[in-house]
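Structure first, then comments.
Order of listing sets the numbers, starting from 1, for every ligand and every atom in it.
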Amino acid sequence: MTSLRTRDRLINRLREEGIRNEAVLDVMRNTPRHLFVDEALAHRAYEDTALPIGYNQTLSQPYIVARMTEALLANGPVKRVLEVGTGSGYQTAILAQLVDQVFSVERILPLQEQARERMVLLGLRNVKMKHADGGLGWPEKAPFDAIMVTAAPRELPEELLSQLADPGRMVIPVGPDEHQELVLVTKNKEGIKREALEAVRFVPLLGGATS
Ligand code: SAH
């Protein structure tokens with residue numbers, strides 16, 4: 001159930017859904033998603049579906065992970081990435097294999113601790129984690145060439161926008177529970193551009209950090 005054939009089936013499906021970046025597809029084929037969920041759910045890890053990770057949070061659907069990663073990388077190689085909402089660490093692990101350095105912020109401490117163990121297990125050493133309210137970004141490490149947010153605020157957080165480098169790209173779900181849109185924000189000499197990619201459903205971006 002976690003065999004290469006099962007994983008290949010998922011990759012084929014991502015292709016059918018329109019994912020074209022071969023580097024992203026390759027990394028997703030080679031990253032063991034079953035290690036990011038509870039053992040009882042491991043048999044569903046290569047379905048194209050979101051899965052619960054406890055604390056009322058979810059590991060995003062593979063298609064969404066691929067789509068967001070592809071959008072972030074669409075303008076060429078990226079060096080420093082801020083990720084808000086580490087969760088299971090699956091998206092973190094995908095990013096870590098495609099960019100130079102990932103800075104990932106999570107507000108629920110036990111989730112962050114598990115994610116940290118998974119990075120060690122997979123030998124991913126270019127990830128730095130912080131337990132904090134990621135809506136405030138990580139000012140000491142800014143600016144970031146790219147920012148990926150995996151929980152939805154109602155409005156685009158100004159703090160994050162200000163920590164985005166020029167040029168820079170941010171992928172973020174925005175809106176209330178029932179009407180979220182995945183938004184691509186690009187910053188460059190001409191200014192800041194906002195482009196809606198598709199309708200999505202993420203958990204809300206909450207304020208404050210919790211143990
Ligand atoms: N990318 C994750 C998705 C996890 S769900 C994965 O693939 O597993 C969204 C995550 O965002 C949750 O872990 C939630 O705790 C976290 N989150 C929500 N609001 C946050 C905030 N303000 N700061 C940091 N993390 C936040």
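For the pair Arg33 and Tyr46, the tightest heavy-atom approach, listed with the atom from each and the gap, is N-OH, 2.9 Å. What you find for Arg169 and Ala74 is that their closest heavy atoms are NH2-CB, 3.5 Å. Here the closest non-hydrogen pair linking Tyr90 and Met28 is OH-CE, 3.5 Å. Pairing each heavy atom of Val105 with each of Trp138, the nearest pair is CG2-CE3, 3.8 Å. Closest approach of Arg67 and Leu182 over heavy atoms only: CG-CD2, 4.4 Å.
Protein heavy atom closest to atom 19 (N) of ligand 1, with residue, atom name and distance, is Leu206 N, 3.0 Å. From the protein, the heavy atom lying nearest to atom 5 (S) of ligand 1 is Thr58 O, 3.1 Å. Gly134 N, 2.7 Å is the protein heavy atom nearest to atom 23 (N) of ligand 1. Nearest non-hydrogen protein atom to atom 13 (O) of ligand 1 is Glu106 OE1, 2.7 Å. With hydrogens left out, the protein atom closest to atom 11 (O) of ligand 1 is Gly85 CA, 3.2 Å, a heavy atom. Here the heavy atom of the protein found nearest to atom 20 (C) of ligand 1 is Arg107 CD, 3.3 Å. Protein heavy atom in closest approach to atom 9 (C) of ligand 1: Thr150 O, 3.3 Å. Of the protein's non-hydrogen atoms, the one nearest atom 6 (C) of ligand 1 is Ser88 OG, 3.5 Å.
Gln91 and Thr69 share a side-chain donor-acceptor pair at under 3.5 Å. Counted by atom type alone, Thr31 and Gln97 present one or more donor-acceptor pairs between their side chains at under 3.5 Å. Donor-acceptor pairing under 3.5 Å is lacking for the side chains of Thr86 and Glu106. Checked by atom type, the side-chain pair Thr49/Gln61 shows no donor-acceptor distance below 3.5 Å.
Heavy-atom contacts of Ile108 reach the following atoms of ligand 1: 15 (O) (cutoff under 4.0 Å). When each atom of ligand 1 is checked for a heavy atom of Gly87 under 4.0 Å away, the hits are 4 (C), 8 (O), 13 (O). Close contacts of ligand 1 with Ala151, meaning ligand atoms under 4.0 Å from a residue heavy atom, involve 11 (O), 18 (C). Counting atoms of ligand 1 from 1 in the listed order, those under 4.0 Å from a heavy atom of Ala132 are 23 (N), 24 (C). Interface atoms of ligand 1 facing Val105, defined by a heavy-atom separation under 4.0 Å, are 24 (C), 25 (N). Annotation for ligand 1: atoms under 4.0 Å from non-hydrogen atoms of Val203 are 5 (S), 9 (C). Within ligand 1, counting atoms from 1 as listed, the ones closer than 4.0 Å to a heavy atom of Leu111 are 13 (O).
Considering Met119, Gln112, Gln114 as possible partners of Arg116, the one that fulfils the side-chain contact (heavy atoms from CB on, under 4.5 Å) test is Gln112. Partner of Val81 under the side-chain contact (heavy atoms from CB on, under 4.5 Å) criterion, chosen from Ile147, Leu95, Asp145, Leu98: Leu95.
Every heavy atom of Gly208 sits 4.0 Å or more from the atoms of ligand 1. At a 4.0 Å cut-off, at least one heavy atom of Pro204 sits close enough to ligand 1 to count as contact.
Neither the backbone nor the side chain of Thr92 has a heavy atom within less than 4.0 Å of ligand 1. Heavy atoms of Ala209 found under 4.0 angstrom from ligand 1: none, in either backbone or side chain. The part of Gln57 lying near ligand 1 is the side chain, judged by heavy-atom distances below 4.0 Å. Counting heavy atoms under 4.0 Å from ligand 1, residue Thr86 touches it through the backbone alone.
At least one N/O-N/O distance between Asp133 and ligand 1 falls below 3.5 Å. Residue Val84 places no N or O, backbone or side chain, under 3.5 Å from any N or O of ligand 1. Distances between N or O atoms of Leu205 and those of ligand 1 include no value under 3.5 Å.
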- Item | salt bridge (charged side-chain N to carboxylate O under 4.0 Å, His left out) assessment of Glu140 paired with Lys130 | CA-CA 11 Å; Glu140 300 81 12; Lys130 172 162 132 162; 3.6 Å; yes

- Would you sort out whether Arg201 and Glu178 count as a salt bridge (charged side-chain N to carboxylate O under 4.0 Å, His left out), showing the intermediate values? CA-CA 7 Å; Arg201 181 134 203 182; Glu178 331 70 61; 5.6 Å; no

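Remark: side-chain polar atoms of Gln180 are not paired, donor with acceptor, to backbone N or O of Val203 under 3.5 angstrom.
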